[in-house]
Trainee: 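Encoded as structure tokens, here's the structure I'll be asking about.
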Protein chains: 2
Amino acid sequence: MQISNRALGTIASPIRKLVPYAEAAAKKGLKVYAMNVGNPDLSPPPVFWREVAKWRTGVLGYAPSTGEARAREAWSHYFKKRGLPLKPEDILITTGGSEAIFFSMAVVADPGDEIVVFEPSYSSYKSYSGILNIKLVPVTLSPDTGYHLPSQKEIEKAVSAKTRAIVVINPNNPTGAVFTKAELARVAAVAKKYNLWIIADETYRDLTFEGKKTVSMYEIPGAAPRIIMTDSVSKRMNLCGARIGCFASTNPDIIANALKLAQARLSSPTIEQLAIIPLLTGSQKYLDDIRDEYHRRRDVVFRAISHMPGVKVHKPEGAFYLIVRLPVKNAEDFVKFMLGEFSYKGSTVFVTPGEDFYSTPGRGRNEVRIAYVLKVEDLKAAMDVLARGLKAFVGRYTARHED
Amino acid sequence: MQISNRALGTIASPIRKLVPYAEAAAKKGLKVYAMNVGNPDLSPPPVFWREVAKWRTGVLGYAPSTGEARAREAWSHYFKKRGLPLKPEDILITTGGSEAIFFSMAVVADPGDEIVVFEPSYSSYKSYSGILNIKLVPVTLSPDTGYHLPSQKEIEKAVSAKTRAIVVINPNNPTGAVFTKAELARVAAVAKKYNLWIIADETYRDLTFEGKKTVSMYEIPGAAPRIIMTDSVSKRMNLCGARIGCFASTNPDIIANALKLAQARLSSPTIEQLAIIPLLTGSQKYLDDIRDEYHRRRDVVFRAISHMPGVKVHKPEGAFYLIVRLPVKNAEDFVKFMLGEFSYKGSTVFVTPGEDFYSTPGRGRNEVRIAYVLKVEDLKAAMDVLARGLKAFVGRYTARHED
């Protein structure tokens with residue numbers, strides 16, 4: 001009996017693989033500030049809970065594999081308000097944005113095919129590349145350019161005869177960059193030139209700061225037929241545990257083929273896909289409040305990190321993450337140190353090692369991703385602990401090095 | 001831009017692909033008896049809804065990728081009551097049994113590898129074989145032997161150097177066969193001889209008739225280390241729309257590798273995985289009632305079908321399906337006829353074409369799967385409609401044939 005190479009070659013999620021260390025720290029009585037995972041401490045809009053509470057009895061059957069008709073209409077309504085031309089029949093309700101990522105990769109790429117990603121890139125793409133035997137080919141971004149996209153020529157260098165798609169996460173997880181229309185147009189130009197799909201992950205669409213607006217890939221003239229959009233209510237609506245996202249494309253062949261993947265898993269959760277309908281069709285004030293809250297949180301975290309000696313970081317323009325380069329050799333060792341050895345005033349901090357946000361071997365080893373998903377007061381305390389922990393870790397490493 | 005061969009080669013679910021025909025029939029004002037999908041018309045235990053109702057406010061975060069600790073303990077409790085040696089750490093909560101099937105296949109087989117199935121077999125295995133580029137190799141069962149398992153030698157004929165696992169669905173979907181200990185021992189002997197995993201799908205464990213008990217693969221001496229179990233509360237607890245199942249193995253390497261697949265999709269729905277805890281740990285009287293109800297339903301459907309001229313059917317011993325061979329050339333045409341052209345007293349019947357429950361090309365083309373998931377009165381009416389529709393279809397075919 002062997003375990004498949006597929007499974008052996010799939011990464012453990014960098015965001016979740018160190019959870020046992022955090023659990024051990026908590027067991028010792030430490031308060032752990034969890035900034036590893038984009039799992040906000042905020043409640044969803046109250047109307048969500050009112051919708052859930054309507055289910056008091058009765059049959060809980062499968063939803064259609066496409067998603068409930070009313071839910072698809074609600075998503076279409078949400079998209080149309082943002083100018084995106086997605087009709088109900090262009091939309092499949094998925095079990096979180098994760099499943100939409102899975103479908104998008106599976107529907108365009110065979111084993112051995114390539115998909116271009118901008119690194120650092122959300123690690124689930126890397127996980128699914130392992131599960132589906134697809135090769136991710138990275139275009140590396142830099143904090144020196146604010147993690148913005150390079151020239152068309154640079155992007156084209158990553159394209160080969162095996163390339164099937166380019167992934168654009170905008171606003172970006174994990175860098176917080178919000179791409180300009182000109183940048184997106186460069187991606188669309190490459191996709192057109194080489195006849196590629198564009199996997200447009202716009203999960204963080206409504207989380208942008210300082211009046212910046214997310215430009216959707218759908219705003220790029222001529223791009224629409226190549227776009228496969230992945231989306232989720234997890235982040236903007238604080239519904240991570242609901243597991244509802246969507247997969248969308250105006251290409252009926254893509255929908256017909258993705259539907260076969262959706263049929264294999266039968267359906268997404270019935271209660272939640274219906275309970276979010278009023279969130280998609282109703283007032284969007286909640287989103288404004290959430291955006292303002294993350295703006296405040298970003299400022300706290302960015303200011304604190306900027307003052308830590310030896311770090312390199314760029315100010316996020318959206319989403320709720322940042323990537324920071326630390327003055328350490330191995331950020332995973334630092335994360336384990338924070339969870340296993342360090343504490344300050346009875347608390348420690350859990351952040352995510354950066355390496356698996358990259359597909360280039362060795363890159364990101366001295367970086368961490370920080371999700372600023374805690375209340376401002378908690379973030380202030382966490383940043384103090386992080387600064388002290390970093391100083392202790394660097395000092396210890398230097399001391400050892402001098403031995 | 002091409003669609004992947006993976007997606008093109010994945011079957012549309014035979015259970016769901018004709019849903020648009022049923023919707024069209026309903027739009028015409030027909031009552032459609034839905035016996036295509038195992039989506040019962042029964043309510044879950046009331047305690048499930050009470051648990052859901054406890055969520056009135058607050059944060060809805062991700063569950064751990066493993067599943068919530070309390071939920072894993074509850075599943076372990078449920079298994080232990082049935083004598084299965086599954087500890088909480090052996091269990092991953094999945095998004096329905098479907099996801100457990102997906103994980104079980106992905107964790108043992110690479111592209112081009114083979115998995116042995118007994119056909120007819122639940123079609124999601126065929127769907128996932130397409131998505132994961134795995135070849136299903138069938139051992140064909142027959143109604144003449146009650147769809148029971150053949151000799152060890154016959155099973156061995158399906159094994160090659162590329163075989164990684166044997167799937168055993170017991171009680172069986174779609175045949176309703178409940179395998180004996182001797183049959184399971186033959187599978188375990190083949191698995192041992194060729195060093196294969198056993199994927200034991202015991203979703204219908206608690207649904208057996210006439211005092212018959214499900215023998216778990218775990219009751220076969222020596223089999224335990226090779227077993228990957230897939231399970232679900234969808235059927236026995238009437239929670240299809242909750243999307244909660246589990247993946248279980250006493251092999252820590254299997255769990256560690258399946259966990260990487262689970263981390264890629266982050267988590268299963270939080271509300272539902274917690275809400276079923278009392279169902280797993282509490283009284284099992286609900287299961288007895290459900291079993292008795294399906295016993296009555298089976299008798300109605302089996303009796304009615306046995307009286308239809310030209311059919312071949314074997315009496316199910318468990319689960320809530322049966323496979324029936326019809327006196328038609330193409331059962332899919334018959335299903336479309338029922339939905340698109342036939343009605344009796346303003347109603348028609350939706351059953352599933354059998355072909356995609358087989359991996360041998362051409363097999364099952366004259367068969368349908370019937371899910372007896374409706375109330376007895378509805379089943380009686382549906383069987384009357386089905387008998388009349390079959391007569392009309394056969395008559396028309398014969399008439400045409402004589403032209």
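Note that the structure is a prediction, hence the values are computed from the model and not measured. We name chains A, B, ... by the order of the sequence lines, and we start the count at 1 in each one.
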Trainee: Tell me, side chain or backbone of B:Phe102 under 4.5 Å from chain A's heavy atoms, or both, or neither?
Mentor: side chain
Trainee: If you count heavy-atom pairs under 4.5 Å between each of A:Ser267, A:Ala12, A:Gly58 and chain B, which one has the most?
Mentor: A:Gly58
Trainee: Would a 4.5 Å heavy-atom cut-off, applied to side chains only, mark A:Ser127 and B:Arg265 as touching?
Mentor: no
Trainee: When rounded to the nearest 0.5 angstrom, what is the spacing between CD1 in A:Ile271 and CH2 in B:Trp49?
Mentor: 4.0 Å
Trainee: I'd like to check A:Ser4 versus B:Met105 (side-chain heavy atoms, cut-off strictly below 4.5 Å). Are they in contact?
Mentor: no
Trainee: Side chain, backbone, both or neither: which part of B:Leu274 has a heavy atom under 4.5 Å from chain A?
Mentor: neither
Trainee: For A:Phe103, is it the side chain, the backbone, both, or neither that has a heavy atom closer than 4.5 Å to a heavy atom of chain B?
Mentor: neither
Trainee: Would you say that B:Ser43 contacts A:Val59 through its side chain, given a criterion of any heavy-atom pair below 4.5 Å between the two side chains?
Mentor: yes
Trainee: Between A:Ile101 and chain B, with a heavy-atom cut-off of 4.5 Å, which part of the residue counts as in contact: side chain, backbone, both or neither?
Mentor: neither
Trainee: Is the closest side-chain heavy-atom distance between A:Asp253 and B:Ile3 below 4.5 Å?
Mentor: yes
Trainee: Given a strict heavy-atom distance threshold of 4.5 Å, which part of B:Ala242 is in contact with chain A: side chain, backbone, both, or neither?
Mentor: both
Trainee: Would you mind checking which part of A:Ala109 comes under 4.5 Å of any heavy atom in chain B, side chain (CB onward), backbone (N, CA, C, O), both or neither?
Mentor: backbone
Trainee: Does atom NZ of B:Lys135 have more than 12 heavy-atom neighbours from other groups under 6.0 Å away?
Mentor: no
Trainee: Who among B:Gly96, B:Gly241, B:Ser98, B:Pro111 has the most heavy-atom pairs with chain A under 4.5 Å?
Mentor: B:Gly241
Trainee: Most heavy-atom pairs under 4.5 angstrom with chain B, which of A:Ile244, A:Val37, A:Leu259, A:Asn133?
Mentor: A:Asn133
Trainee: For B:Ile15, which atoms come within 4.5 Å of any heavy atom of chain A: side chain, backbone, both, or neither?
Mentor: neither
Trainee: How close do A:Gln2 and B:Arg164 get, counting heavy atoms only, and between which atoms?
Mentor: OE1-NE, 4.4 Å
Trainee: With only heavy atoms counted, which part of A:Asp113 is less than 4.5 Å from chain B, the side chain, the backbone, both or neither?
Mentor: neither
Trainee: Can you say whether A:Pro46 sits under 4.5 Å from chain B via the side chain, the backbone, both, or neither, judging by heavy atoms?
Mentor: neither
Trainee: Write out, in numerical order, the residues from residues 192-200 of chain B with a heavy atom short of 4.5 Å from a heavy atom in chain A.
Mentor: B:Asn195, B:Leu196, B:Trp197
Trainee: Which heavy atom of A:Asn257 sits nearest to which heavy atom of B:Ala7, and what is that distance?
Mentor: OD1-O, 3.5 Å
Trainee: Is B:Leu132 close to A:Arg6 at the side-chain level, that is, under 4.5 Å between some pair of heavy atoms?
Mentor: yes
Trainee: Counting heavy-atom pairs closer than 4.5 Å to chain A, which one of B:Lys54, B:Lys17, B:Met1, B:Arg50 comes out on top?
Mentor: B:Met1
Trainee: Within the distance-only criterion (no hydrogens, no angle test), does the side chain of A:Ser124 pair as donor or acceptor with the backbone N or O of B:Ala264 below 3.5 angstrom?
Mentor: yes
Trainee: Might you point out which heavy atoms bring B:Arg16 and A:Ser65 nearest each other, and give the distance in Å?
Mentor: NH1-OG, 2.9 Å
Trainee: Measure across B:Ser234 and A:Tyr62 and return the closest heavy-atom pair with its distance rounded to 0.1 Å.
Mentor: CB-OH, 4.2 Å
Trainee: For B:Ala53, which atoms come within 4.5 Å of any heavy atom of chain A: side chain, backbone, both, or neither?
Mentor: neither
Trainee: Which atoms of B:Val19 are under 4.5 Å from chain A, going by heavy atoms: the side chain, the backbone, both sets, or neither?
Mentor: neither
Trainee: Heavy-atom distance under 4.5 Å between the side chains of A:Leu266 and B:Arg243, does that happen here?
Mentor: yes
Trainee: With rounding to the nearest 0.5 Å, note down the distance linking CD1 in B:Ile131 to CG in A:Leu261.
Mentor: 4.5 Å
Trainee: Looking at A:Leu239, A:Thr57, A:Val52, A:Thr270, which makes the most heavy-atom pairs under 4.5 Å with chain B?
Mentor: A:Thr57
Trainee: Quick one: does A:Asn238's side chain get under 4.5 Å of B:Leu60's, heavy atoms only?
Mentor: no
Trainee: Is there a side-chain contact between B:Pro269 and A:Glu272 (heavy atoms, below 4.5 Å)?
Mentor: yes
Trainee: Heavy-atom distances under 4.5 Å only: say whether B:Thr95 touches chain A with side chain, backbone, both or neither.
Mentor: side chain
